[in-house]
Protein chains: 4
Amino acid sequence: MSSNNLLDKIIQQSKLSKKETAKQQRIVETAIALFAERGYAHTSTSEIAKHSGVAEGTIFRHYGTKENLLLSVIVPFLKESMPSLAEEISEQVDPRGFGSFGEFVRALIRNRFEFLMANREIFRVVAKEMLYRDELRAELFPHVGGAIFGFLGRALAHFKERGELADIPPPELAKLMLTTIAGSFVARIVLAPEPPGEEAEADLERLARFVLEGCASGRAAL
Amino acid sequence: MSSNNLLDKIIQQSKLSKKETAKQQRIVETAIALFAERGYAHTSTSEIAKHSGVAEGTIFRHYGTKENLLLSVIVPFLKESMPSLAEEISEQVDPRGFGSFGEFVRALIRNRFEFLMANREIFRVVAKEMLYRDELRAELFPHVGGAIFGFLGRALAHFKERGELADIPPPELAKLMLTTIAGSFVARIVLAPEPPGEEAEADLERLARFVLEGCASGRAAL
Amino acid sequence: MSSNNLLDKIIQQSKLSKKETAKQQRIVETAIALFAERGYAHTSTSEIAKHSGVAEGTIFRHYGTKENLLLSVIVPFLKESMPSLAEEISEQVDPRGFGSFGEFVRALIRNRFEFLMANREIFRVVAKEMLYRDELRAELFPHVGGAIFGFLGRALAHFKERGELADIPPPELAKLMLTTIAGSFVARIVLAPEPPGEEAEADLERLARFVLEGCASGRAAL
Amino acid sequence: MSSNNLLDKIIQQSKLSKKETAKQQRIVETAIALFAERGYAHTSTSEIAKHSGVAEGTIFRHYGTKENLLLSVIVPFLKESMPSLAEEISEQVDPRGFGSFGEFVRALIRNRFEFLMANREIFRVVAKEMLYRDELRAELFPHVGGAIFGFLGRALAHFKERGELADIPPPELAKLMLTTIAGSFVARIVLAPEPPGEEAEADLERLARFVLEGCASGRAAL
DNA sequence: CATGAATGAGCTTTCATTCAT
DNA sequence: TATGAATGAAAGCTCATTCAT
């Protein structure tokens, strides 16, 4: 049904390797750390082997290819990052309808920020490789982006009916929201990796306010 | 005063190579095209040599290192992208004070978009490598970011005095503006490289409106 | 008496592994098929393991080395291919003296062709490896070749007494016969592996006639 | 016109590398010697590099692939071994029509034997790899074999008209001749590589006689 | 100045073999 | 006895860089 080669590989991949050896875990953890630090291209498999106290052959016994190891890092992250979103948000806000648009945006931002901070090393890897490797982007973007877009689109439609949003086509609004929020997260987590500071709270609130105003109805275009 | 190794190298670099021969131009142009297409790491110097009709040795005679060739691509772009900004914007808007905040933001967005579209291949290279190579980011960010930040900070202070802005510390507001605008540009030019479509106009206007609303005073935080 | 390392190993090998378990049989059968198809060097032990439904360790438990597994394929073939020859031929022809030389040659050719066709996969393996691996050839050739040569020499001496053969030293004649017959078989079974066609009969008859004429007395050297 | 991938590659290959460096010559010579001695699969590129006093990278700069190096060894040999045949034979025998069949066969055998002895190392490589590597055989066989077959077929037709040959279809006769002659050469040069002995003369004469009788008319099939 | 042959360190990957379970 | 995860040496190959011409 899907002609997506890479995604198929990824899914099979994550199905097959259900039982993770202790060594496999160490390999993946090390790979995440090194990929995040130096990037995929500048990390050699021999370094990964050395740092995880494993023979180089072991890596290839389990992952076959260096590329495949990268996917084994990225895929679970993406799998977890997408479908859980809608449910979690719904639970955290009003299950019957997200409450107000403000509540929704704040919950969305906070939820994703926490998720990305909890997985910030993988996020760094994904962000860098997504930008760098055209095939990865070309094949994963539609799926990941599509899911997020779909979720956000439905939510915006809901709030627009209530008259809380500016008169902008919801897809365009979704795009603006996403680039703003994602831009903020990338700037904070990938570009300027700082220890999880305390100002995060205030920053997130400012970001939320900025997004809300940008989406809000009730003011003519200036 | 500055212990910045890379920047010194860059500056020397651009001083030394004042007289660009025809061959050097071809080398740099080819490098830009190939780096943009496949990324720095996946482009070999022999490919650059072949595509520009030059012997491989010639590249190293002029640039010494592959890394240095990358800098010779990036540096003029950055040099041109920064200082010109303030002047151009000032000229395009009201030289005495940018006119209204709306005018300013619209001019800023349009001016930078045109600049980046005109140099979109280099922009792709810079964006990718900026994210990928930590040293590059660590060393260039303060300078480039600082300049932009300074300019934007002064402008925001100006408009805040006039009461056109929300009650947010200007640096924070600058950050939000920049991530939003940059996020949009990266999404459009780097992530989803399309032929310069006609909808650009409308998109830019929506982006401007979104930013303006986000910055605007006159509404309580929701 | 014999300083032949390899042959000793082979003999021990075939003595020790008298009792072949079902798994061992599957291993050897798979090895034959894969060696014949891709050659020894291009067949990995893990492939053999996978195709025979056995763990890789099991192969090494039984055969110790990949090389040894090859011998376990080759040796029984050679053991069966040699001593049986004289008896079978004798039985199939006139037990008292092979009948006429023509009968003898035809029986010889037919008997060996059937034997090789029945074991054609192993024959492919042996032919390829015999040519490819110098030690194998150097050590096995004298023994195998010697046996065949001895048998054929005796037969030729017998027919020469009867005056049926040209005036050529029997060893030289044996060599010519063997290279011609073996050349034909290798061409047909190894070089151009076709499904056992019906023209085999006619081909064999032509081969026999060619050999017979070449050996025949009664005509001056042209 | 020809869908033969490998042969195309080969031909381009030998055209491109017209100018052979001194180092290239040493590489090819070493490769021939080592391939002949141990076989292609058991010879590593690092060994070739070491033995020819060259860096390993140099091999790949010139030949790209180990496989390609093999072709660079085989191709000139095949190119020289085929087309020259007809002319040389014609010259060595009676230019108006090969003289008698006996003259023709003796000239053919002697000419090819000398050619193969002069190139005996390459012949060993070709023989081994031809047997071992199915793709090589599948792609080269039709072309090489076809040329030889064509030449021999025409010659046989010529002599058959004169009534010098047995009543066997010329293609079948050609096959028998070729397997017999080739079998002899392989046995002598590849299987039992001896220093060029003096008995060669007598052996060749016996081989010629054997072939002649096998082809001769004038005797009923026995 | 320009060339391009040569270099060699380093890369990813393969695979026969070992050994704790 | 059978397993299969782990090993590590060695393979083929890439590529930035050097240097004699």
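Per chain, numbering begins at 1; letters A, B, ... match sequence-line order. Since we're looking at a predicted model, the values are computed, not measured.
- Under the side-chain contact (heavy atoms from CB on, under 4.5 Å) criterion, B/Arg133 pairs with A/His42, B/Tyr40, B/Glu67, B/Leu70, B/Glu129, B/Glu135, B/Leu136, not counting sequence neighbours.
- In this structure, B/Asp134 does not pair ionically with A/Arg124, as no charged nitrogen and carboxylate oxygen lie closer than 4.0 Å.
- Consecutive pairing runs in DNA chain E reach the stem threshold at E:2-21 with F:2-21, where a stem means at least three Watson-Crick or G-U wobble pairs with distances under 3.5 Å.
- Looking at heavy atoms from C-beta onward, A/Tyr132 lies out of side-chain contact with A/Arg137 at the 4.5 angstrom threshold.
- For DNA chain E, the residues of residues 32-47 of chain A within the heavy-atom distance limit of 4.0 Å (strictly under) are A/Thr43, A/Ser44, A/Thr45, sorted by number.
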Distances under 3.5 Å only, N/O to N/O: pair up the protein atoms with those of nucleotides 2-4 of chain E.
unit_1: E/dA2; atom_1: OP2; unit_2: B/His62; atom_2: NE2; d: 3.1
unit_1: E/dA2; atom_1: O3'; unit_2: B/Lys23; atom_2: NZ; d: 3.4
unit_1: E/dA2; atom_1: N7; unit_2: B/Arg61; atom_2: NE; d: 3.2
unit_1: E/dT3; atom_1: OP1; unit_2: B/Lys23; atom_2: NZ; d: 3.1
unit_1: E/dT3; atom_1: OP2; unit_2: B/Ala55; atom_2: N; d: 3.3
unit_1: E/dT3; atom_1: OP2; unit_2: B/Thr58; atom_2: OG1; d: 2.5
unit_1: E/dG4; atom_1: N7; unit_2: B/Gly57; atom_2: N; d: 3.2

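- Note that the first and last nucleotides of DNA chain F, 5' to 3', having any atom under 4.0 angstrom from a heavy atom of chain B are F/dA16 to F/dT18.
- The CD atom of C/Glu56 lies 7.0 Å from the OG atom of C/Ser44; values are rounded to the nearest 0.5 Å.
- Judged by distance alone, the side chain of C/Ser72 and the main-chain N or O of C/Asn68 form a donor-acceptor pair under 3.5 Å.
- In this structure, the side chains of B/Thr65 and B/Phe60 stay at 4.5 Å or more apart for every pair of heavy atoms.
- In this structure the side chain of D/Phe35 never reaches within 4.5 angstrom of the side chain of D/Glu121, judged on heavy atoms.
- Applying the salt bridge (Lys or Arg N to Asp or Glu O under 4.0 Å) rule to A/Arg38 yields the partners A/Glu47; only residues at least two apart in sequence or on another chain are considered.
- Contact detail for B/Ile48 and B/Ile27: the closest heavy-atom pair is CG2-O, 4.1 Å.
- Of the possible donor and acceptor atoms, none in the side chain of B/Lys23 sits under 3.5 Å from a partner among the backbone N and O of B/Val54.
- C/Thr43 places a side-chain N or O within 3.5 Å of a backbone atom of C/Gly39 that can act as its donor or acceptor partner.
- One interatomic measurement links the two molecules: CZ of A/Phe60 to C1' of E/dA16, which rounds to 18 Å at whole-angstrom precision.
- Taking the nucleotide of DNA chain E with the nearest heavy atom to each of C/Thr65 and A/Gly64, the more 5' of the two is matched to A/Gly64.
- In this structure, the side chain of D/Lys66 does not engage the main chain of D/Thr45 through any donor-acceptor pair within 3.5 Å.
- The shortest side-chain heavy-atom distance between C/Ile122 and C/Ile74 does not fall under the 4.5 Å cut-off.
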